[in-house]
Every structure is written in structure tokens, then in C-alpha cells.
Amino acid sequence: MKGLRVKIVAAKVVVTSPGRNFVTLKIETDEGVTGLGDATLNGRELAVASYLTDHVVPLLHGMDPHRIEDTWQSLYRGAYWRRGPVTMAAIAAVDVALWDIKAKVAGLPLYQLLGGKSRDRVRTYGHAHGNDLPHLFDSVRARLAQGYKSIRIQTGIPGLRKVYGVRSTLDQGNLPVVEDWDTGAYLRHVPGVFEAVRNEFGPELPLLHDVHHRLTPIQAARLGKDLEPYDLYWLEDCTPAENQDGLRLVRQHTTTPLALGEVFNTVFDYQTLVQQQLIDYVRSSVTHFGGVTALRKLFDFAAVHQIKSAIHGPEDISPVGMAAGIHLDLAIHNFGIQEYAGYTDLTNEVFPHAFTFSDGYLHPGETPGIGVELNEELAAAHPYTQAYLPVNRLHDGTVHDW
Ligand code: EZ4
Ligand code: CO
């Protein structure tokens, strides 16, 4: 069969900023088949670019791109220094590029190699936010008009300057924007917002909320309990869950479903959470978790404990990483929901893609591979721009989780 004896002859990293930074690995083979992988790590992009260019690309030359599992293991174990977002984003880029090549050689969209489809389309949720209720309601209506069937609600808090966890134009600048935080004000305000949203939009609309790691377990337990009357689809990243055991306390106090893990890099970060069923959704993305190979294993581990997938899908994961995730979403049985923030027109031009969004659902398309291309000329016209995520401080100046 053509393409079974291909060898990697070149690999390069492209960093482009069509509005925000994306890191893409392109692997080329001697028969002309190429593969793309996403290695974007928001705010630390060049560290991953260097990890790939300086340390991984020299290892790829002459390799058999079909040996995906072996390549994954050799990059993970061979580095000796394990885990971490930079390493795992770099491994993810190689892994996805190799899956892209294998699927192109097979002449099949990637989801077919992952077992074929388990559903016809992939349910998504979108983002609504507003500093006050009228703005929040307008934002929810705008998402509903786009077709979204499930909506994440983020709200301004009286006394705080800005809605957190939401992109602003200030994100792209020379130094991090400083935001402010008050846990007491937040805990007092949020339940009333959900009551108002329920009153306005009715009981059926699935609502989600992201806490962005800002609470302690006992605070999160209280919030989960206070939100029970409003029937959330989930409460996300309620604590900084490096302390996995902390979730037990949250769990003991509330039946609000819990989602967690967008910043995690390996299955070990989830070990207690999954084995003891302390959460309901795992939030890792292909890009930050070592690729399709590793994320598939996490989802299978989660399935044993009746936990579902909920791939992280902000606009800082490139369409390459997004596409790989959508193929997985279509294929696995324990799919939950896919976050989809959408992309600007310029980003879609830099990364033309086969996946489509309509009526609140995504589909990966039927193009062989992951179905994404890179317009290198346009990418080069929009070079890397230094940018940081915000930092967060309490009113007395103490740094808090953002
Ligand atoms: O703030 O990806 O659930 N989604 C999120 C994201 C994160 C960004 C950080 O780079 O929390 O929007
Ligand atoms: Co989140």
C-alpha cells in the first residue's frame, strides 16, 4: 500500500499571531504526505516552539511516522524529565501530526481510525458573559442566535472591575493585565445571577459556570450547594485541583456536577479524581495532554468510572488542536460536551479546516487526516506578538489564582 513505507524528511515549527499566538508543527515525509500538530501554550508559546525546534525536531528525521505509540513513549520516557505543560504540548504536536499523516495515508478522516463514529455530531457549549444582568442576557441571546444549545455563564461581581476568565483586547500587550478579586463578594453574588438567568431563559437551557481555580474546597462546597436550585450542567475548576483530595470535601456537600482539568497534562493529575469519582467531566484538550494517544487513554480510564469527556475549547487552542479533539469527540462512547469558542475569520484563513459548526453542533468533516491546513504565507504575514494571560490580585495586593 502506498504510504506505508514513508519516512519523515523534515519538520518545522510555525509561530503565527492572526490576533493571538498559535504554535504549529508541520511534519513532512518523503512521499509528500504532511501532518500538522498544535503546540500552543497561551502566554508561554516560545518555550514550546524551542522545545520542539531545538530538542524534538532533530529526533524526527528519518523516523517511521506510522509508529505513533512508540514515538509517544520515546518522547515521554526518553526526555527523562516527565510531564509539565511545555513537554506535553510538544509531544501533543508530534502525536497529532503523526495521526494526521496516518489517516491521510489511509485515505480516511481521523475519527475512522479511532473506531468510527459513535454519534452523528458533536454537541458544544458557548460562552456568555456580562458585567450586569442586561448585558449578560444580551450575550446569552447572541449565543442562542448562533445556534448554541448549552451556555457558560460568567458574570461581573459588584466591586470588581472586570468579568474574569474572559478575553479582552488587553490580553495582547507587553505585560500582564492585573485584575482584582474578592471571594466573599463572588460567593454572595453568583447564586442570584443564576436565579435571574433561570427566570429569564427557563429550566431547560443547560448552563455551565467556570470558577477558574479561585476557591478553597469548603468555599467550593458552599457554592455548589447554593447553585443546586439552578440545576447547572457543571461547575468547572472550582478549586486549584493539584490537591486532588480536596475535591472529596466538595463532593460530600453538593450534587452540582463537577468538571475539572483543563490545565492538567497527564493521567496522573486525575488519578484520585477519577478513581474515586470525585468529578463528572474531564476537561483536558488534545493540545495540552500529549495528543490524541494520551487523551484517548484518559477518556477510557474515565469511562470505567462513568465520567465523561468535555474537551477544553478556548480560542487559544488552534484549529489544528480543535480538529483533533472533534475527531475524538465523534468516536468515543463517553463523550459529554465540547467547548467551542469559535475563531476569527483571519484565524480560519490561516488554518482552513474541514470541521464545521452549525446549530450548536460540530462535525469534523470527511477530509482524510484531521482536515486542517496551514496557509504558511498568511501565517508569516502575522508574526509572533508578545502576550501574557492576566494576573489576579486581592484588594490588599496578594496574588490570587486567575
Ligand atoms: O481561560 O484557555 O474553560 N475555558 C477557560 C479558558 C482559559 C484559557 C487560558 O488560556 O477557562 O478560556
Ligand atoms: Co475553564
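All ligand and atom numbering here is 1-based and tracks the order in the structure.
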*Got an N, O or S from D237 under 2.8 Å of the Co ion (ligand 2)?*
no
*Look at atom 10 (O) of ligand 1 and say which protein heavy atom is nearest, naming residue and atom and giving the distance to 0.1 Å.*
N42 ND2, 2.9 Å
*Nearest 10° is fine: what angle sits at the Co ion (ligand 2) between OE1 from E262 and OE2 from E236?*
90°
*asked:* Pairs of nitrogen or oxygen atoms closer than 3.5 Å, one from E236 and one from ligand 1: do any exist?
replied: yes
_How close do S139 and A128 get, counting heavy atoms only, and between which atoms?_
OG-CA, 3.1 Å
*Please could you name the atoms of ligand 1 that W402 approaches to less than 4.0 Å, counting only its heavy atoms?*
1 (O)
*Residues, nucleotides or ligands: over 12 heavy atoms within 6.0 Å of H333 NE2*: no
_Other residues, nucleotides and ligands only: do more than 12 of their heavy atoms fall within 6.0 Å of CD on E204?_
no
*Quick check: are there more than 12 heavy atoms from other residues, nucleotides or ligands sitting under 6.0 Å from NE2 of H400?*
yes
*R283 to ligand 1, any heavy atom closer than 4.0 Å*: yes
*What atoms in ligand 1 come closer than 4.0 Å to a heavy atom of D316?*
2 (O), 8 (C), 9 (C), 10 (O)
*How is the N/O/S atom of D210 that comes nearest to the Co ion (ligand 2) named?*
OD2
_Suppose I only count heavy atoms of D210 and a 4.0 Å limit; which atoms of ligand 1 are within that range?_
3 (O), 4 (N), 5 (C), 11 (O)
*Tell me which one of Q154, E262, H288 gets a heavy atom nearest to atom 3 (O) of ligand 1.*
E262
*Are any side-chain N or O atoms of S150 and backbone N or O atoms of P206, one a donor and one an acceptor, separated by less than 3.5 Å?*
no
*T40/I317 under side-chain contact (heavy atoms from CB on, under 4.5 Å): CA gap, chis, key distance, verdict*: CA-CA 6 Å; T40 306; I317 284 172; over 6 Å; no
*asked:* If you take the nearest heavy atom of each of R20, H212, H312, which one is closest to atom 4 (N) of ligand 1?
replied: H312
_Mode of D237 contact toward ligand 1 - side chain, backbone, both, neither (heavy atoms, under 4.0 Å)_ = neither
*Is the closest heavy atom of E315 to ligand 1 under 4.0 Å?*
no
_Within 6.0 angstrom of R248 CZ, more than 12 heavy atoms from elsewhere_ = yes
*Look at atom CG of D345 and say whether more than 12 heavy atoms of other residues, nucleotides or ligands are closer to it than 6.0 Å.*
no
*Using 30° and 60° as the class limits, which term best fits the ring planes of Y111 and H363: parallel, tilted or perpendicular?*
perpendicular
*How far is atom 12 (O) of ligand 1 from its nearest protein heavy atom, and which residue and atom name does that atom have?*
P314 CB, 3.8 Å
*What atoms in ligand 1 come closer than 4.0 Å to a heavy atom of E339?*
3 (O), 4 (N)
*Do we get R214 above W181's six-membered ring, with its NZ or CZ under 6.0 Å from the centre and within 45° of the axis?*
yes
